[in-house]
Amino acid sequence: MEKIKMTTPLVEMDGDEMTRILWQWIKDILITPYVELNTEYYDLGLAHREETKDQVTFDSAEATKKYGVAVKCATITPNAARMPEYNLTQMWKSPNGTIRAILDGTVFRTPILVKGITPYIPTWTKPITIARHAYGDVYKNTEMQVKGGGKAELVFTDKDGNETRQLIHEFKGDGVIQGMHNVDASIAGFARACFNYGLDLKQDVWFASKDTISKQYDHRFKDIFAEIFEAEYKEKFAEAGIEYFYTLIDDAVARVIRSNGGYIWACKNYDGDVMSDMVSTAYGSLAMMTSVLVSPDGVYEYEAAHGTVQRHYYKHLKGEETSTNSVATIFAWSGALRKRGELDRIPALCEYADKLEKATLQTIEDGVMTGDLYLLSTLENKQKVNSKAFLEAINERLAAMMQ
């Protein structure tokens, strides 16, 4: 068959450890036999980030702004233990954090549902999408340790040089201080992205924070969401038969646990980090979660919502067999290729992406799966296969669909 041609490059961000191995296998087995792949490649593996002093991460984000669609492999955010392992000169920041700060926007994470995998919360019959604000808060914090006591103040100097001061704490001894920020424009972009996504999916939008305690910071999020909804989206939501409401984050958790799913739960940056892990785990597996960053100006970055699977990587290096779940990484590729097809008006590319996802789910529902799903699946005739055999089993079904 003739390969599907692409007209605009996709920004490809390679990653680390076992997901980097899977990345190449996915391309070789599931993509390049069918698509004349056109990518602008950036190696975000930790060794290359060290070589470029992390410039490659900034370059990949700027390329994403230029071309509009990116697909990203899982990457390492180094801690102290990684310093000698990779001969690092410093603990480089999270590539995801850097890219999100440049693109701004909102990360939407949705579990991938498949027959035979029952959520730990049985009432969850429909997926819950976590909408995570991608700018600021603890991810852009400034912090310090203080010794021996003293006074900490919050100081703001306006453009005319006038200062406003507030006491943070009078320290009697040692302690720590943290400063966080956000900006109205980013919060407004977050709100609009959530409301637009709700209209696209025809799903309710929830937003939750802790405005009763954070009467300025969190309350600002609440107010901006309310103002934008009333001015721009109230009538559209009514026409679509969906609703928006605000609630406290602790009340939201209780509501979520009792719900059937099928809505978008908007969270501030750190809340979204934690809650997306909770939601994906409760649905079955971190490797069964799609993730897409949507910027206010219509730029898309697709990725898996999980890490680099370090333990499997070291088994792989020893020549041992692994059974690593690649579904989220496959769906990152399919999501990016579908969006590229939509933007460039290439229906065949969109159809290929749909079939790739269908073949992946069909493989699992036929009983062929990786070790994590094998332990969860209630299917009677199930078979645990290694990482590469899983991809080859998907390709058998994909090839039949593509005929």
Side-chain angles (χ1 to χ4, degrees), residues 100 103-113 121 123-137 182 184-212 214 217-280 282-283 289-300 302 305 335:
R100 289 169 189 158
L103 300 182
D104 200 356
T106 302
V107 179
F108 294 96
R109 289 182 170 170
T110 307
I112 301 163
L113 304 190
I121 300 172
T123 57
W124 286 3
T125 55
K126 293 174 283 190
I128 297 167
T129 296
I130 297 289
R132 174 187 173 186
H133 189 208
Y135 178 81
D137 301 350
N182 224 293
D184 283 6
S186 182
I187 299 168
F190 172 39
R192 289 189 177 96
C194 294
F195 295 141
N196 288 335
Y197 211 73
L199 288 170
D200 286 346
L201 298 184
K202 291 196 166 36
Q203 290 185 352
D204 293 346
V205 176
W206 305 9
F207 177 54
S209 70
K210 195 68 173 174
D211 68 288
T212 52
S214 178
Y217 199 104
D218 280 27
H219 212 295
R220 189 66 186 139
F221 279 78
K222 177 184 177 182
D223 288 345
I224 289 173
F225 262 74
E227 290 162 9
I228 288 174
F229 179 74
E230 287 293 325
E232 302 175 29
Y233 291 93
K234 189 173 183 178
E235 291 182 8
K236 295 176 184 176
F237 268 51
E239 288 170 10
I242 57 176
E243 67 171 335
Y244 163 70
F245 73 88
Y246 172 85
T247 186
L248 290 172
I249 187 74
D250 36 342
D251 180 50
V253 171
R255 286 172 177 257
V256 165
I257 296 300
R258 293 193 299 264
S259 77
N260 300 120
Y263 48 83
I264 297 157
W265 179 11
C267 297
K268 289 170 59 205
N269 208 339
Y270 180 72
D271 293 342
D273 193 1
V274 175
M275 295 308 173
S276 65
D277 279 356
M278 183 273 287
V279 165
S280 62
Y283 272 104
M289 190 86 163
T290 65
S291 182
V292 55
L293 171 65
V294 183
S295 81
D297 50 355
V299 171
Y300 296 80
Y302 294 80

Can you find a pair of side-chain heavy atoms, one from Leu199 and one from Ile242, that are under 4.5 Å apart? yes

Mind telling me whether Tyr233 and Phe237 have parallel, tilted or perpendicular rings, with 30° and 60° as the class edges? perpendicular

For a 4.5 angstrom cut-off between non-hydrogen side-chain atoms, does Leu293 reach Val107? yes

Look at the side chain of Asn269 and the backbone N and O of Gly136, then say whether any donor-acceptor pair between them is shorter than 3.5 Å. yes

Donor-acceptor check, side chain of Thr123 to backbone of Ser259, threshold 3.5 angstrom: yes or no? yes

Classify the side-chain pair Asp211/Ser209 by whether it contains a donor and acceptor separated by less than 3.5 Å. no

Is the side chain of Trp124 donor-acceptor paired with the backbone N or O of Val256 at a distance under 3.5 Å, no angle test? yes

Say you draw a straight line from CD1 of Ile121 to CG of Asn260; how long is it, rounded to the nearest 0.5 Å? 11.5 Å

Would you call Ile128 and Tyr283 a side-chain contact if the rule is heavy atoms closer than 4.5 Å? yes

Could you tell me whether the side chain of Gln203 reaches within less than 4.5 Å of the side chain of Val205, counting heavy atoms only? no

Are Lys126 and Leu113 packed together at the side-chain level, in the sense that at least one heavy-atom pair is separated by less than 4.5 angstrom? no

Tyr263 backbone acceptor or donor facing Asp204 side chain under 3.5 Å: no

Would you check, one step at a time, whether the test side chain to side chain contact (heavy atoms under 4.5 Å, CB included) holds for Asp271 with His133? CA-CA 9 Å; Asp271 293 342; His133 189 208; over 6 Å; no

Please report the C-alpha distance between Phe225 and Tyr246 in whole Å, then the side-chain angles of each, then the deciding distance to 0.1 Å, and finally whether the side chain to side chain contact (heavy atoms under 4.5 Å, CB included) criterion is met. CA-CA 9 Å; Phe225 262 74; Tyr246 172 85; over 6 Å; no

Strictly distance-based, threshold 3.5 Å: is any side-chain N or O of Asp218 a donor or acceptor partner for the main-chain N or O of Thr212? no

What one should report as the nearest heavy-atom pair of Ser295 and Leu103 is CB-O, 3.2 Å

Under the side-chain contact (heavy atoms from CB on, under 4.5 Å) rule, collect the residues that match up with Ala188, sequence neighbours excluded. Arg192, Ile224, Ile228

Could you check whether any side-chain heavy atom of Tyr270 comes within less than 4.5 Å of a side-chain heavy atom of Asp137, counting everything from C-beta outward? no

If you apply the rule side chain to side chain contact (heavy atoms under 4.5 Å, CB included), what do you find for Phe221 with Lys268, and how did you get there? CA-CA 9 Å; Phe221 279 78; Lys268 289 170 59 205; 3.8 Å; yes

Are Ser291 and Arg109 close enough that some pair of their side-chain heavy atoms sits under 4.5 Å apart? yes

Taking Ser276 for the side chain and Gly272 for the main chain, is one N or O donor matched with an acceptor at less than 3.5 Å? yes

Verify salt bridge (charged side-chain N to carboxylate O under 4.0 Å, His left out) between Arg255 and Asp251, making sure each step is shown before the conclusion. CA-CA 6 Å; Arg255 286 172 177 257; Asp251 180 50; 2.9 Å; yes

Is the closest side-chain heavy-atom distance between Asp277 and Met289 below 4.5 Å? no

What are the two closest heavy atoms between Trp265 and Ala208, and how far apart are they? NE1-CB, 3.8 Å

Thr129 and Phe108: side chain to side chain contact (heavy atoms under 4.5 Å, CB included), yes or no, with the steps? CA-CA 6 Å; Thr129 296; Phe108 294 96; 4.2 Å; yes

Is the Phe207 ring parallel, tilted or perpendicular to the Phe190 ring (thresholds 30°, 60°)? perpendicular

